[in-house]
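All ligand and atom numbering here is 1-based and tracks the order in the structure. Below, each value reflects all heavy atoms present in this structure, side chains not excepted, and no hydrogens, waters or symmetry copies.
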Amino acid sequence: MADRSEIQEALGDIVTGKILYDEPMSRYASLCVGGNAGALVFVESEKELIEIVLRLKERKINFIPVGNLTNIIVRDGGYRGAILLMKGLRKINCASTPEGDYCISAQSGATLSMLVSFAAAKALTGLEFCAGIPGSVGGAVWMNAGAYGKEIKDIIQTISLLTAYGEKKTLRREEISFGYRSSGLPPESIILNAQFKLENGHIEQIKGKISEIIKWRQEKHPLNFPNAGSIFKNLPGQPAGRLIEEMGLKGTSCNDAEVSPKHANFIVNKGKATASDVLALIAVIQTKAKKEKGINLETEIVIVGED
Ligand SMILES: Cc1cc2nc3c(=O)[nH]c(=O)nc-3n(C[C@H](O)[C@H](O)[C@H](O)COP(=O)(O)OP(=O)(O)OC[C@H]3O[C@@H](n4cnc5c(N)ncnc54)[C@H](O)[C@@H]3O)c2cc1C
């Protein structure tokens, strides 16, 4: 727990980029909800990040790294600590390995959309399934993002991360315990960089696949309202959206938070929804799923902060 003055004292003299104190996270989250961060730190370099982590650790100030905030809700009571925004670390490079494979290396703040376009321009195939996922590389690795039967774990070669104690480490894919929408990485680790192993493909085929996926997403997802993608994890053999639809919950709302009539696993913000509205709606869905179907619906989105 930390208030503004503690964070200011810890970081004020080392951060070269912006730090905004008591900053509403609703301004940054794709769902446009969320309370204040004690401090929102715009991370500009790895070197600075190491110093930031060491200083925060030393003073026992909580911190959490974020990318594009497309899969996280900060409760309305806010996050008493530092939210580290990684968007400033966004370099992407391409290299071929001694074995003749192709590898793209991306810093964690690069967006998946930049990554997908970069790979397509180099005629490298394997990343197309990420088209239209609005997150960052760091968020996608942390969540083991996936779509169309593929997940980040299928193409990861290595990642580099910063441990909670400010040490840099490289992990090979076999050393990471990926699961469904989870990387199993230790809490407070910060992903710095990820290397993806791809194959040579045909540029027109790759671009065609990307367009097809984006068109499908535009047709199926309620992209005209702020949202955070799928709220709940799918169940084995059963999409959570179908279950919610079967329970007749499409269109159910808590103030301006509504179960999308277009896709039942999406909650949309119709205007002035708060994090509490979204969380209340999540609770309504979970209670009904438990009562009527005996099913525990688990959230896919990450929920942090205080009530
Ligand atoms: C319209 C829409 C469609 C979507 N479709 C999909 C989909 O098809 N498949 C899918 O899997 N997801 C989907 N998502 C969800 C989301 O985009 C992904 O999970 C994405 O990978 C999250 O990235 P982010 O940068 O926004 O993460 P954030 O929301 O910023 O953070 C999510 C989690 O990752 C952690 N994190 C972020 N960066 C780092 C880092 N550098 N190091 C350590 N931890 C980090 C955060 O602490 C948090 O726990 C969708 C979302 C939307 C809005």
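- Scanning all protein heavy atoms for the shortest distance to atom 14 (N) of ligand 1 gives I133 CG2, 4.0 Å.
- Using a 4.0 Å cut-off between charged side-chain N and carboxylate O, R55 and D13 make a salt bridge.
- Under 4.0 Å is where a charged nitrogen must lie from a carboxylate oxygen, and between E306 and R75 no such pair does.
- In terms of polar-atom proximity, A145 is not counted as a contact of ligand 1, lacking any N or O under 3.5 Å from an N or O of the ligand.
- Atom 16 (C) of ligand 1 has its closest protein heavy atom at T70 OG1, 3.2 Å.
- With F266 as the aromatic partner, K262 does not meet the cation-pi criteria of under 6.0 angstrom to the ring centre and within 45 degrees of the ring axis.
- Within the 4.0 Å heavy-atom criterion, the part of S108 lying near ligand 1 is the side chain and not the backbone.
- A cation-pi arrangement is not found for K122 relative to Y102, the charged atom failing to lie both closer than 6.0 Å to the ring centre and inside a 45° cone about the ring normal.
- Ligand 1 has a nitrogen or oxygen under 3.5 angstrom from a nitrogen or oxygen of N68.
- Where the criterion is an N or O separation shorter than 3.5 Å, residue side chain and backbone included, S30 fails it with respect to ligand 1.
- Contacts between S189 and ligand 1, counted as non-hydrogen atom pairs separated by less than 4.0 Å, involve the backbone only.
- Which parts of ligand 1 touch R181 is read off a 4.0 Å heavy-atom cut-off, strictly below it: atoms 11 (O).
- Looking only at heavy atoms of the protein, atom 36 (N) of ligand 1 is closest to P65 O, 3.6 Å.
- Heavy atoms of G109 stay at 4.0 angstrom or farther from ligand 1.
- With salt bridges taken as basic N to acidic carboxylate O contacts below 4.0 Å, none links K150 and E128.
- A pairwise comparison of heavy atoms in A82 and L56 identifies CB-CD1, 4.0 Å as the closest pair.
- In the candidate list G139, G135, P226, G138, G139 is nearest to atom 27 (O) of ligand 1, counting heavy atoms.
- Contact annotation: the side chain of V15 approaches that of I52 to within less than 4.5 Å [non-hydrogen atoms, C-beta and beyond].
- Checked by distance only, ligand 1 and N71 come closer than 3.5 Å through their nitrogen or oxygen atoms.
- Taking every heavy atom of L223 and a limit of under 4.0 angstrom, the matching atoms of ligand 1 come to 1 (C).
- Geometrically, ligand 1 and G67 share a nitrogen or oxygen pair separated by less than 3.5 Å.
- At a threshold of 4.0 Å, the pair K250-E245 counts as salt-bridged, since one of the basic side-chain nitrogens sits closer than that to a carboxylate oxygen.
- Near A228, meaning under 4.0 Å from one of its heavy atoms, ligand 1 places the atoms 51 (C), 52 (C), 53 (C).
- The closest side-chain heavy-atom distance from Q238 to N234 is not below 4.5 Å.
- A cation-pi geometry, defined here as NZ or CZ lying under 6.0 Å from the six-membered ring centre and within 45° of its normal, holds between K270 and F225.
- Side-chain contact check for K87 versus N68: some heavy-atom pair is nearer than 4.5 Å.
- Taking only nitrogen or oxygen atoms, main chain and side chain alike, G229 does not reach within less than 3.5 Å of ligand 1.
- Each of the following atoms of ligand 1 lies closer than 4.0 Å to a heavy atom of N227: 1 (C), 2 (C), 52 (C), 53 (C).
- When side chains are defined from C-beta on, N255 does not count as touching K272, because their heavy atoms never get closer than 4.5 Å.
- By the 3.5 Å distance cut-off applied to N or O atoms, S136 is counted among the residues near ligand 1.
- The protein heavy atom nearest to atom 34 (O) of ligand 1 is W142 CD1, 3.3 Å.
- The protein atom (non-hydrogen) at minimum distance from atom 4 (C) of ligand 1 is P134 CD, 3.7 Å.
- Using a 4.0 Å heavy-atom cutoff, L185 is absent from the residues neighbouring ligand 1.
- The option with the heavy atom closest to atom 28 (P) of ligand 1, from among L85, I213, L69, is L69.
- For atom 40 (C) of ligand 1, the nearest non-hydrogen atom of the protein is I191 N, 3.8 Å.
- When only modelled atom types and interatomic distance are considered, Q195 and N193 share a side-chain donor-acceptor pair under 3.5 Å.
- Using 4.0 Å as the threshold, R217 has a heavy atom nearer than that to some atom of ligand 1.
- By the criterion of a heavy-atom distance under 4.0 Å, the side chain of I64, and not its backbone, is placed next to ligand 1.
- Below 4.0 Å from some heavy atom of G146 lie the following atoms of ligand 1, by number and element: 7 (C), 8 (O), 9 (N), 10 (C), 11 (O).
- When heavy-atom distances to ligand 1 are checked against a 4.0 Å cut-off, V302 comes that close only through its side chain, counted from C-beta outward.
- By the 4.5 Å heavy-atom criterion applied to side chains, L161 and I190 are not counted as neighbours.
- An N or O contact shorter than 3.5 Å is missing between L112 and ligand 1 by distance.
- For K209, the NZ atom sits in a loose shell: 12 or fewer heavy atoms of surrounding residues, nucleotides or ligands are nearer than 6.0 Å.
- Under a 4.0 Å N-O distance rule, the pair K18/E44 does not qualify as a salt bridge.
- Counting the atoms of ligand 1 from 1 in the order shown, those under 4.0 Å from a heavy atom of A147 are 8 (O).
- In summary, K215 and E212 do not engage in a salt bridge, as defined by a charged side-chain N under 4.0 Å from a carboxylate O.
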